Amino acid sequence: VQQNTTPSLRAAYSELIQAVDEGNAIDLSRAVTVAVQEKARYNAERIARTEMARAYADGQMLRYKDDEDVVALKWVLSSRHPRYDICDFYANADLYGLGKGVYPKDKLPTLPAHPHCMCHIQPLTELDIQENKQHKGINQAGLDYIQTLTKPNQEVLLGVNGRNTVLSGKGSWQDFARGW
């Protein structure tokens, strides 16, 4: 119950548990109905929020795709970003030697990266990017960033087995990164 993200869904599930404990058939029937309706509402809200973010991101990409002044795009985390996930990787890794979270226009990961993703992009001109002439390439740059993460964040990004495989050198982070 505590893992659900909305107060109304938590309340509906708590009432359902209470009705089961009390064994009252009428209360149980009502609690099941409310819980199912709240879950459906939550799913509809999640889909609507994610698709609005997708439409916005698609519009932004169309806006900047043919703009010759825009040479790169920066992945910017939402101010309401709750926990570590693939978005943190996108926003903080310097995969192309252009700076943290900066991607050539044709290499930007797809937005939104996951349900409820509210991250956005920022256009950059040649004056904005920090080009690193000694860049090691996307594979090594990603691994370098992953090695700076805490063990729990590495496991969120790669999974437990993926973390072990990548850090032991037996696999590529690109094969295990969730959402890559």
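Quantities reported herein were computed from a predicted structural model and do not represent experimental measurements.
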Check the pair Glu15 / Arg30 against side chain to side chain contact (heavy atoms under 4.5 Å, CB included), numbers first and verdict last. CA-CA 9 Å; Glu15 286 180 27; Arg30 185 188 59 74; 3.6 Å; yes
Using the side chain to side chain contact (heavy atoms under 4.5 Å, CB included) rule, take Leu95 and Lys107 through it: C-alpha gap first, then chi angles, then the decisive distance, then the call. CA-CA 10 Å; Leu95 299 179; Lys107 304 289 188 196; over 6 Å; no
Begin from the C-alpha positions of Val20 and Leu28 and carry the test side chain to side chain contact (heavy atoms under 4.5 Å, CB included) through to its verdict. CA-CA 6 Å; Val20 168; Leu28 182 60; 3.5 Å; yes
Start with the C-alpha gap between Arg63 and Val70, add the side-chain angles, then the distance that decides, and say whether side chain to side chain contact (heavy atoms under 4.5 Å, CB included) holds. CA-CA 10 Å; Arg63 177 179 177 191; Val70 175; over 6 Å; no
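You'll find the side chain of Pro109 reaches within 4.5 Å of the side chain of Trp75, heavy atoms only. Taking 4.5 Å as the limit, some side-chain heavy atom of Ile138 sits within range of a side-chain heavy atom of Tyr96.
For Lys74 against Leu124, the heavy-atom pair with the smallest separation is CB-CD1, 3.9 Å. Considering all non-hydrogen atoms of both residues, Ala35 and Ala12 come closest at CA-CB, 3.8 Å. Closest approach of Thr165 to Ser168, counting heavy atoms only: O-OG, 3.0 Å. Residue Asp88 comes nearest to Arg83 through the heavy atom pair OD2-O, 3.5 Å, listed as atom of the first residue, atom of the second, then distance. Nearest heavy-atom pair, Thr50 versus Pro115, reported as atom, atom and distance to 0.1 Å: OG1-CA, 3.5 Å. Pairing each heavy atom of Ala31 with each of Leu16, the nearest pair is CB-CA, 3.7 Å.
The number of heavy-atom neighbours closer than 6.0 Å to CG of Leu62, taken from other residues, nucleotides and ligands shown, is above 12.
Hydrophobic cluster membership differs between Leu108 and Tyr56, with clusters built from Ile, Leu, Val, Met, Phe, Trp and Tyr side chains linked at under 4.5 angstrom. In this structure, Val32 is not a member of the same hydrophobic cluster as Tyr13, with clusters built from ILVMFWY side-chain heavy atoms closer than 4.5 Å. Hydrophobic clustering (ILVMFWY, side-chain heavy atoms < 4.5 Å, transitive): Val156 and Leu143 are in one cluster. In the hydrophobic clustering of this structure, Val76 does not group with Ile121; members are Ile, Leu, Val, Met, Phe, Trp, Tyr whose side-chain heavy atoms approach within less than 4.5 Å, directly or through other members. Under the 4.5 Å side-chain heavy-atom criterion for ILVMFWY residues, a single connected hydrophobic cluster contains both Leu77 and Leu157.
Rounding to the nearest 0.5 Å places CG of Asn43 at 8.5 Å from CG of Leu9. Note that OH of Tyr84 and CG of Asn92 are 7.0 Å apart. Values are rounded to the nearest 0.5 Å. Separating the NZ atom in Lys170 from the CG atom in Asn164 is a distance of 9.5 Å, to the nearest 0.5 Å. Note that the NZ atom of Lys105 and the CG atom of Asp66 stand 7.0 Å from one another [nearest 0.5 Å]. From Gln60, atom CD reaches atom CG of Leu73 across 9.5 Å, with rounding to the nearest 0.5 Å. Taking OG of Ser79 as the reference point, atom NE2 of His120 lies at 8.5 Å (rounded to 0.5 Å).
His116 pairs with exactly one of Arg49, Arg80, His81 by the side-chain hydrogen bond (donor to acceptor under 3.5 Å, both in side chains) rule, that one being Arg49.
Contacts of Arg41 classified as salt bridge (charged side-chain N to carboxylate O under 4.0 Å, His left out), with partners at least two apart in sequence or in another chain: Glu38, Glu45.
For the ring-ring contact (aromatic ring centres under 6.0 Å, His included) condition, the pairs that include at least one residue of residues 140-176, sequence neighbours left out, are Phe89-Tyr145, Phe89-Trp173, Trp173-Trp180.
Panel note: side chain Ser14, backbone Arg10; a donor-acceptor pair is recorded below 3.5 Å. Although no hydrogens or angles enter the test, the distance criterion places a donor-acceptor pair under 3.5 Å between the side chain of Gln154 and the main chain of Ile146.
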